[in-house]
Amino acid sequence: MSSINHLVRSNILRLTPYSSARSEYKGWAEIFLDANENPYDTGYNRYPDPLQWKLKERISVLKGVAPENIFLGNGSDEAIDLLIRIFCEPGVDHIITLPPTYGMYKVSADIANVPVKEVLLDKDFQPDVAAILSAADGHSKLLFLCSPNNPTANSFKLDKVQELLAGFPGIVVVDEAYIDFSGQPSCINLLAEFPNLVVMQTFSKAWGMAGIRLGMAFASEEITGLFNKVKPPYNINQLTQEVALEALENQQQQEEWVQQILGQRVVLTQYLSGLDYVQRIYPSDANFLLVRVKDPKSVYDFLVSNGIIVRDRSRVALCEGCLRITIGTPEENEQLFRALLEFE
Ligand SMILES: *Cc1c(COP(=O)(O)O)cnc(C)c1O
């Protein structure tokens, strides 16, 4: 008995997915004349594994999630786009987001002509559970929770996430792009309890692999099955699969980077708190700081003129006056601080 089929667009339930040449044969073979590939070995003349089993098995060990419960996308951005196309009937269904948050949820929905209901975070940047649940109805197919949240840098309280998982009528997507920098446990631990949960993580931040475009989604087999049905057959290219496997062999490097960045987060916080035009540094569970300054536009322009680019979030609701600053290397943070000392 499916617990989520009633949430899926009917055309997707009926869809006959593309069947790739390599997924049709069963058993052993050594001569492949089925996919119109060039037979001469370049290292890349064959189509890649459409389901990336080798990579998923490695990620499975790392995350404690079975390979069947993993979907890999061309960045988390592909997972966001596919979720909207799987669950939301354009012009009929909607998604719910909690601004201020990551911009791609709304952009993907806008492209698909799927309306977005926005329920602002509260003044502590936490989800307003009662307001979200009262905004939700039978057409609320997806709720995007970004925790730690971009750009506010905080994590959502676990009891609020659990209340939303229990009470929201649709799929709850927890975007954990910054989870490796957080003191909070991953919502991966809740997958067994909530069939309507999708947890997204990425190689773009802690793993230092934004350039290979690889995002992960963890969910029930029902949901990963839908992802696999709808995704482009070869969405993760061979180069990405190989480079990701190499990166995963060096988990210690990733851990060292995370420790270094967490240390620099403290250092940068100390630097900034000594500047009189810095009004507030929000607590961060991520690899960036949200900082309220007296005249954000001038600080931003001054940094640009010094060859340093930060993100101006000062016109975003609840982030008035704020810049978002990514934690760099110790040298970069030092240069940022020296530039900021010269401001005014
Ligand atoms: C950076 C970021 C991502 C990463 O997206 P990719 O497509 O995997 O690079 C996802 N979600 C949030 C909130 C982010 O800030």
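Here the structure is a predicted model, which means the values were calculated and not measured. Indexing begins at 1, ligand by ligand and atom by atom, following the structure's order.
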Chemist: Is the closest heavy-atom distance from Arg213 to ligand 1 below 4.0 Å?
Modeler: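 The answer is yes: ligand 1 sits under 4.0 Å from a heavy atom of Arg213.
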Chemist: Taking atom types as modelled, find out whether Ser147 and Asn149 have a side-chain donor-acceptor pair closer than 3.5 angstrom.
Modeler: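 No.
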Chemist: Would you say Asn150 and ligand 1 have an N/O pair spaced under 3.5 Å apart?
Modeler: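 Yes, Asn150 has an N/O under 3.5 Å of an N/O on ligand 1.
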Chemist: Taking Phe71's backbone N and O only, do any of them form a donor-acceptor pair with Asn228's side chain (distance below 3.5 Å, no angle check)?
Modeler: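 A pair under 3.5 Å: no.
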Chemist: List the steps and the verdict of ring pair (Phe, Tyr, Trp, His ring centres under 6.0 Å) for Phe144 and Tyr102.
Modeler: CA-CA 9 Å; Phe144 284 94; Tyr102 187 46; 9.5 Å; no
Chemist: Can we say Arg58 and Glu249 salt-bridge, meaning some charged N sits less than 4.0 Å from an Asp/Glu carboxylate O?
Modeler: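 Looking at Glu249 together with Arg58, the answer is yes, because their closest N to O distance falls below 4.0 Å.
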Chemist: Nearest to atom 12 (C) of ligand 1, what protein heavy atom do you find, and at what distance?
Modeler: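 Its nearest protein heavy-atom neighbour is Asp175 OD2, 3.4 Å.
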Chemist: When you measure from atom 2 (C) of ligand 1 to every protein heavy atom, which one gives the shortest distance, and what is it?
Modeler: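 Result for atom 2 (C) of ligand 1: Lys205 NZ, 2.4 Å.
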Chemist: Could a heavy atom of Cys146 be found less than 4.0 Å from some atom of ligand 1?
Modeler: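 Yes.
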Chemist: If you measure only the distance, is there a donor-acceptor pair under 3.5 Å linking the side chains of Gln52 and Asn235?
Modeler: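 Looking only at side-chain atoms, Asn235 and Gln52 do form a donor-acceptor pair, the distance falling under 3.5 Å.
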Chemist: What do we get for Asp77 next to ligand 1 when only non-hydrogen atoms under 4.0 Å count, side chain, backbone, both or neither?
Modeler: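 The answer is both, backbone and side chain.
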Chemist: Will you find, in the side chains of Gln184 and Asp285, an N or O donor that is under 3.5 Å from an N or O acceptor?
Modeler: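 Not at all, the side chains of Gln184 and Asp285 share no donor-acceptor pair under 3.5 Å.
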Chemist: Going by the order shown, which atoms of ligand 1 are within less than 4.0 Å of some heavy atom of Ala177?
Modeler: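 In order of numbering, the contacting atoms are 2 (C), 3 (C), 10 (C), 11 (N), 12 (C), 14 (C).
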Chemist: When you compare ligand 1 with Ser76, is there at least one nitrogen or oxygen pair between them that comes in under 3.5 angstrom?
Modeler: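 There is such a contact, yes.
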Chemist: Going by atom types only, do Glu57 and Trp53 share a side-chain donor-acceptor pair under 3.5 Å?
Modeler: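 No.
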Chemist: Going by the order shown, which atoms of ligand 1 are within less than 4.0 Å of some heavy atom of Ser204?
Modeler: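 Here the atoms of ligand 1 in question are 6 (P), 8 (O), 9 (O).
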Chemist: Going by heavy-atom distance to atom 15 (O) of ligand 1, choose the closest among Phe288, Phe203, Phe144, Tyr178.
Modeler: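 The nearest heavy atom belongs to Tyr178.
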